[in-house]
Undergrad: 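Let me begin by handing over the structure; questions about it come next.
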Amino acid sequence: MKWTPWRTLPPPIPWTASTLRELLDGGQAFRWTETGGVWEGLWGCQVVRLRLSDGKLQWSAPAPAVPGTAGALRHYLALDPDWDAALDALPWRSDAVLAQAMQAWQGLRILRQPLDETLLVFLCSSTKQIVQIKQICADLAEALGGTLPGGYRTLPNWSVLHVADEATLRACRLGYRARYIKGTAAVLAEHPGWLDELDALPYADARARLMTLPGVGAKIADCVLLFGAGRLEAFPVDTWILKVMQQRYGLHGWKPEQVATFGRIHFGPLAGVAQQFLFADARKKSAARPTQ
DNA sequence: TGACAGGGGGTGT
DNA sequence: ACACCCCCTGTC
């Protein structure tokens, strides 16, 4: 398969290899793989390669190039010129823990992923690690997804999931999550536009509505809102963030739901972005101490 | 190389 | 609190 020549993607951002890894493979998205410094990934029907060259982000797509790919990529990666300026609204001046994490992970941001896909992949994510979630996504795409030029496979859409039998889903290593996906697919099939209607709702209502779906609790609802609906105030609390907030913010004994409320209040309208910085930092520190 | 625990970025009861 | 499913990982 032929690929377009590498092109630089503005704006200039102080990327490092580890920031790029955290962005593409740190738990926001599950369809990126790295080979020899080149990241290949897809979202929706877009297939793209990324690499770092001289600290600049470069991209390539299957040739012949489809017009608009660069724009779609900049949107997906949230490469808005004013992203960094917006981060000034985070309470880094009064929060040394956050300030340190933001310093260490400059350029990290929140991807803008398709809402329907985001719901699917996070429904697959409960008590699974990133490698396992990626494997499930790959299996789902292979078994039920669509084909793109070059043999790439999209994730199945919700109408396909609705008619798929549960055994097929279980063959994708979903385990008990297969039942949740069937249940959610039934709701979405019965009510066209269900997901789109989230846009009109305030954060709390959108979150509560998502939590009515089978298999969607507080954490997954917040992930879907943050990564798939641009709700940057969503503050997903998983076991990593729970540990960080207990240890670095002194919230010992707090329950996940209490920590989520604290996070939204303490960090404000960009709480989800703060969460991503803290999360990246926590994962790195844990990786540095395998025995811990 | 292969078998065997142990536990996992959560949800629902 | 505990079951839910099953797969990945570390270990012998």
Side-chain angles (χ1 to χ4, degrees), chain A residues 21-33 101 105 108 110-111 113 117-143 164-187 207-228 234-248 251 253-261 263 271-292:
Chain A
R21 170 174 300 280
E22 192 63 30
L23 176 67
L24 301 175
D25 203 20
Q28 295 192 49
F30 304 97
R31 303 221 65 203
W32 288 91
T33 54
W105 297 96
L108 185 61
I110 304 296
L111 298 175
Q113 304 180 65
E117 284 192 8
T118 309
L119 175 60
L120 175 60
V121 302
F122 280 96
L123 221 26
C124 300
S125 73
S126 65
T127 54
K128 288 284 179 201
Q129 297 186 341
I130 291 171
V131 275
Q132 298 173 285
I133 302 167
K134 287 172 77 171
Q135 185 59 251
I136 293 171
C137 288
D139 287 353
L140 279 172
E142 190 58 39
D165 48 290
E166 199 174 309
T168 305
L169 295 179
R170 283 183 179 262
C172 297
R173 316 176 209 212
L174 276 165
Y176 61 82
R177 300 158 197 81
R179 185 162 24 94
Y180 294 152
I181 286 174
K182 287 297 291 178
T184 289
V187 173
R207 184 182 197 252
R209 187 141 182 272
L210 274 168
M211 287 175 66
T212 64
L213 295 173
V216 179
K219 189 269 182 185
I220 290 180
D222 277 327
C223 286
V224 172
L225 288 172
L226 180 59
F227 303 128
F235 191 80
V237 175
D238 54 33
T239 59
W240 290 97
I241 285 297
L242 195 59
K243 273 182 206 156
V244 173
M245 299 306 287
Q246 287 177 345
Q247 291 171 8
R248 313 282 310 264
L251 308 186
W254 288 45
K255 297 189 173 67
E257 200 63 1
Q258 298 173 309
V259 172
T261 303
V273 186
Q275 183 266 7
Q276 209 55 31
F277 281 114
L278 297 174
F279 182 73
D281 229 37
R283 291 205 327 133
K284 169 142 195 194
K285 281 172 178 149
S286 156
R289 301 165 217 213
T291 54
Q292 234 305 10

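So that the names make sense, note that chain A is the first sequence line, chain B the second, and so on, each numbered from 1. Nothing here was measured: the structure is a model prediction, and the numbers come from that model. Just so it is clear, the values below take in all heavy atoms, side chains as well, and ignore hydrogens, waters and symmetry mates.
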Undergrad: Which whole-number value in Å describes the distance from A:Leu174 CG to C:dC7 P?
TA: 10 Å

Undergrad: Would you name the heavy atoms of A:Cys137 and A:Phe30 that are closest together and state the gap between them?
TA: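 Looks like SG-CB, 4.0 Å.
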
Undergrad: What's the closest nucleotide to the side chain of A:Tyr180 if the choices are B:dG10, B:dG9, C:dC8?
TA: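 Minimum distance to the A:Tyr180 side chain belongs to B:dG10.
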
Undergrad: Judged by atom type as modelled, is there a donor-acceptor pair below 3.5 Å linking the side chain of A:Lys134 to the main-chain atoms of A:Trp32?
TA: yes

Undergrad: By the 4.0 Å heavy-atom rule, please label A:Pro256 as base, sugar-phosphate, or nothing.
TA: nothing

Undergrad: In Å and rounded to the nearest 0.5 Å, what is the CG to CH2 distance from A:Leu242 to A:Trp254?
TA: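 A:Leu242 CG to A:Trp254 CH2: 11.5 Å, rounded to 0.5 Å.
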
Undergrad: Is A:Gly183 touching bases, backbone alone, or none of the nucleic acid, heavy atoms closer than 4.0 Å?
TA: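 Since no nucleic acid heavy atom lies under 4.0 Å of A:Gly183, the category is nothing.
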
Undergrad: Would you mind reading off the distance between A:Ile220 atom CD1 and B:dG10 atom C1', rounded to a whole angstrom?
TA: 6 Å

Undergrad: Does a salt bridge link A:Arg173 with A:Glu142, judged by any charged N lying under 4.0 Å from a carboxylate O?
TA: no

Undergrad: Taking the nucleotide of DNA chain C with the closest heavy atom to each, which residue, A:Thr127 or A:Val131, is nearer the 5' end?
TA: A:Thr127

Undergrad: Find the distance A:Asp139:CG to C:dC6:C1' and express it as a whole number of Å.
TA: 12 Å

Undergrad: Using the closest heavy atom to pick a nucleotide of DNA chain C for each, name whichever of A:Arg170 or A:Arg173 lands nearer the 5' end.
TA: A:Arg170

Undergrad: At under 4.0 Å, does any side-chain N or O of A:Arg179 touch on OP1 or OP2 of B:dT11?
TA: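 No, no such contact exists.
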
Undergrad: Measure from CZ on A:Arg177 to C1' on C:dC8 and round the result to the nearest Å.
TA: 12 Å

Undergrad: Let me spell it out: for each of A:Thr212 and A:Asp238, pick the nucleotide of DNA chain B with the closest heavy atom. Which residue's pick is nearer the 5' end?
TA: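 Final value for this comparison: A:Asp238.
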
Undergrad: Is the distance from OP1 or OP2 of B:dG9 to the nearest side-chain N or O of A:Gln129 less than 4.0 Å?
TA: yes

Undergrad: I'd like to know if A:Arg283 pairs up with A:Glu22 as an ion pair, taking the criterion as any Lys NZ or Arg NE/NH1/NH2 lying under 4.0 Å from an Asp or Glu carboxylate oxygen.
TA: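 Looking at A:Arg283 and A:Glu22, the cut-off is met.
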
Undergrad: Between A:Lys255 (NZ) and B:dT11 (C1'), how many Å, whole number?
TA: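 In whole Å, B:dT11 C1' lies 17 Å from A:Lys255 NZ.
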
Undergrad: To the nearest Å, how far apart are A:Asp222 CG and B:dT11 C1'?
TA: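 So the CG-C1' distance, A:Asp222 to B:dT11, works out to 14 Å.
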
Undergrad: For A:Lys128 and B:dG9, what is the distance between atoms NZ and C1' respectively, to the nearest whole Å?
TA: 12 Å

Undergrad: Tell me what A:Ala218 touches on the nucleic acid: a base, only sugar-phosphate, or nothing, going by heavy atoms under 4.0 Å.
TA: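 A:Ala218: backbone/sugar contact only, no base atoms under 4.0 Å.
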
Undergrad: Checking all strands, does A:Leu213 fall into the base, sugar-phosphate, or nothing category for heavy-atom contacts under 4.0 angstrom?
TA: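 Sugar-phosphate only.
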
Undergrad: Expressed as a whole number of angstroms, how long is the span from A:Ile181:CD1 to B:dG10:C1'?
TA: 13 Å

Undergrad: Once you apply a heavy-atom cut-off of 4.0 Å, does A:Gly27 come out as touching a base, just sugar-phosphate, or nothing?
TA: base

Undergrad: Can you tell me how far P in B:dG7 sits from the matching atom in C:dC2, rounded to whole Å?
TA: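 After rounding to an integer number of Å, I get 15 Å for this pair.
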
Undergrad: Has A:Thr212 got a side-chain atom pairing as donor or acceptor with A:Ala208's backbone, closer than 3.5 angstrom?
TA: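 Checked: no pair found.
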
Undergrad: Any donor-acceptor pair, under 3.5 Å, between the side chain of A:Tyr176 and the base of B:dG10, if you only look at N and O atoms?
TA: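 Pair found.
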
Undergrad: Side chain of A:Gln113, backbone of A:Gln28: donor and acceptor closer than 3.5 Å?
TA: yes

Undergrad: Using purine N1 to pyrimidine N3 plus N6-O4 or O6-N4 for Watson-Crick, or N1-O2 and O6-N3 for G-U wobble, each under 3.5 Å, what pairs with C:dT9?
TA: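 C:dT9 is paired with B:dA5.
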
Undergrad: Please enumerate all protein N or O atoms sitting under 3.5 Å from an N or O of nucleotides 2-5 of chain B, with distances to 0.1 Å.
TA:
none

Undergrad: Ignoring hydrogens and angles, tell me if any N or O in the side chain of A:Thr184 forms a donor-acceptor pair with the backbone of A:Pro214 under 3.5 Å.
TA: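 A pair under 3.5 Å: yes.
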
